Q: 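Take this structure, written in structure tokens, and hold onto it; I'll ask about it next.
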Number of protein chains: 2
Amino acid sequence: MTTRETIIQTADELIRDKGYNAISYVDIANVVGIRKPSVHHHFPHKADLGVAVIEFHIAQLEKVRESYKNRPPAEQLDRFFAIYQEIKKQNRICIVGSLSTDFNTLEAAVQEKLEEFSEHMIKWVSQFLKEGKAEGTFHFKQSARTKAIMLISGMLAIVQLCRLTNDNDFALMMKALRQEL
Amino acid sequence: MTTRETIIQTADELIRDKGYNAISYVDIANVVGIRKPSVHHHFPHKADLGVAVIEFHIAQLEKVRESYKNRPPAEQLDRFFAIYQEIKKQNRICIVGSLSTDFNTLEAAVQEKLEEFSEHMIKWVSQFLKEGKAEGTFHFKQSARTKAIMLISGMLAIVQLCRLTNDNDFALMMKALRQEL
DNA sequence: ATTTGCCTACCTACCGGAAGGTTTGTACAT
DNA sequence: ATGTACAAACCTTCCGGTAGGTAGGCAAAT
């Protein structure tokens, strides 16, 4: 892995652990094992790094979407939940949840990239929900988009809420969301 | 309203607008119309202010709970949604959503107070859901606590997500959550 | 074959500004 | 006189960002 990639992944983990405004170039440099100005060499401004982190998430999501596009909707749903199970395992939260909280303090370029990522996410989930409904696997009254937002919201929120309540609530939430499909 | 109360409410609004780690004593002082050291006079450390803000939310919630305790569950549900409609109108997010993102950077006292607030919230919603189910107004398979967490999660997340997508998603989400009761 | 030139990746040292917080003092009401 | 509410001035620490430089790789020109 290149230094550039290591910086992106480190920044991503720190952002989803402590929040965008709580982490600094020094924090990232310390984890990567280089000095602060070297991080600036790769990402002159914090906004450049923020954009790169979100682009990394978009690329990851597109890879998942591509490799699952011909699989049954039920499997795609499993894959969707697996994303949040991984996040929960790391005791972090998702990038949308983390950055939407700080949204009003983000540089315009980061804001736009985040909107782009959320569009990708909603589009993917909507699509396999629609497919699943058409073939009779899923059952819901709302539009596919609304149901997608309900699933995404539910998982986005439960990883945040679990920090305050009970780890067990995560599994209960996931099960309940499945029941309503 | 006393200066102390004005500081608390200003801090609350700023926290739910920009996030805990993005706001400073100077920001608060500028809005209130006093100087930074005067804010320190009322709240020596940022943690004191954080705790006070959450205690303010607990007190507000208890007032609502008390005044609605003998009303029908359907009305209590309406009151629950009204909380988030108010938040949405202000283009802010809820205190739990805001602070849970920054949770790992919060002082221990603030973390504990936030846990306390989320307990209150879950307890209230669970209670009127349980009542509503018993009298046949609500219908759900899960435990009242799980369903409460689903409602809270849904609203917590949609105010965050709406910052990135469409304002219209808020109403759709609320309607969908109602349908599943 | 060696020099010249440019590139990437990293460094030390530093900047202005803003953060949370302290000291000290004043104005005023009780 | 004592406590409350404020603020000027200041402190230390850390922030994002910059200046200037070093070491090594690569490739064309000599």
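Small disclaimer: the values here were computed from a predicted structure and weren't measured. Computation of the quantities below employed the complete heavy-atom set of this structure, encompassing side-chain atoms and omitting hydrogens, waters and symmetry-equivalent molecules. By convention in this document, chain letters (A, B, ...) are assigned in the order of the sequence lines, proteins followed by strands, and residues within each chain are numbered from 1.
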Q: Side-chain N or O of A:His40 versus OP1/OP2 of D:dT18: is the shortest distance under 4.0 Å?
A: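 Checking D:dT18 against A:His40, no side-chain N or O comes under 4.0 Å of OP1 or OP2.
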
Q: Run the numbers on A:Lys88 and A:Asp167 for salt bridge (Lys or Arg N to Asp or Glu O under 4.0 Å), then give the verdict.
A: CA-CA 9 Å; A:Lys88 178 80 201 89; A:Asp167 274 358; 3.2 Å; yes

Q: Is it true that, when you exclude B:Arg65 itself, more than 12 heavy atoms of the residues, nucleotides or ligands shown sit nearer than 6.0 Å to its CZ?
A: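 Atom CZ in B:Arg65 is packed in, count exceeds 12.
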
Q: Using atom NE2 of A:His45 as one end and atom C1' of D:dT18 as the other, report the distance to the nearest whole Å.
A: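 Answer to the nearest Å: 10 Å.
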
Q: Nearest whole angstrom, please: distance from the C1' of D:dC15 to the OH of A:Tyr20.
A: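 These atoms are roughly 13 Å apart.
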
Q: State plainly whether the residues B:Glu119 and B:Lys113 are in salt-bridge range, i.e. N to O under 4.0 Å.
A: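 Answer for the salt bridge query: no.
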
Q: Rounded to whole Å, please give me the gap between CD in A:Glu107 and C1' in D:dG16.
A: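 To the nearest whole Å, that distance equals 11 Å.
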
Q: Using whole Å, what does the distance between atom C1' of nucleotide C:dG21 and atom CG of B:Leu49 come to?
A: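 My rounded result for the distance is 14 Å.
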
Q: Looking at residues at least two apart in the chain, or sitting in another chain, which of them share a salt bridge (Lys or Arg N to Asp or Glu O under 4.0 Å) with B:Glu5?
A: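 By the salt bridge (Lys or Arg N to Asp or Glu O under 4.0 Å) rule, B:Glu5 matches no residue at all.
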
Q: Between A:Tyr25 (OH) and C:dG17 (P), how many Å, whole number?
A: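 One finds 20 Å between P of C:dG17 and OH of A:Tyr25, rounded.
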
Q: Using side-chain hydrogen bond (donor to acceptor under 3.5 Å, both in side chains), reason through A:Asp102 and A:Thr105 one step at a time and then give a plain yes or no.
A: CA-CA 6 Å; A:Asp102 297 332; A:Thr105 73; 5.1 Å; no

Q: Tell me whether B:Tyr84 is reachable from B:Leu172 by hopping between hydrophobic residues (I, L, V, M, F, W, Y) whose side-chain heavy atoms are closer than 4.5 Å.
A: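 Different hydrophobic clusters.
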
Q: For A:Asn21 and D:dC14, give me the distance from atom CG to atom C1', rounded to whole Å.
A: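 Going from CG in A:Asn21 over to C1' in D:dC14 covers 14 Å.
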
Q: Which nucleotide in the set D:dG17, D:dC15, C:dA19 lies at the smallest distance from any side-chain heavy atom of B:Val26?
A: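 Output: C:dA19.
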
Q: Set out, line by line, the N/O atom pairs under 3.5 Å between protein and nucleotides 6-13 of chain C.
A:
unit_1, atom_1, unit_2, atom_2, d
C:dC10, OP1, A:Thr3, OG1, 3.1
C:dC10, OP2, A:His42, NE2, 2.9
C:dC11, OP2, A:Arg35, N, 2.6
C:dC11, OP2, A:Ser38, OG, 2.5
C:dT12, OP2, A:Arg35, NE, 3.4

Q: Has A:Lys89 got its NZ or CZ under 6.0 Å from the middle of the six-membered ring of A:Phe170, at an angle within 45 degrees of the ring axis?
A: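 No, cation not above the ring by the 6.0 Å, 45° rule.
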
Q: Between A:Glu66 and A:Arg79, does any side-chain N to carboxylate O distance fall below 4.0 Å?
A: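 No.
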
Q: Under 3.5 Å, which protein N or O atoms sit close to an N or O of nucleotides 27-30 of chain C? Give each pair with its distance.
A:
none

Q: Taking atom P of C:dA18 as reference, at what distance in whole Å does atom CD1 of B:Ile23 sit?
A: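 Rounding to the nearest Å, CD1 of B:Ile23 and P of C:dA18 are 17 Å apart.
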
Q: Taking everything shown except A:Lys133 itself, do over 12 heavy atoms lie less than 6.0 Å from its NZ?
A: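 Result for NZ/A:Lys133: enclosed.
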
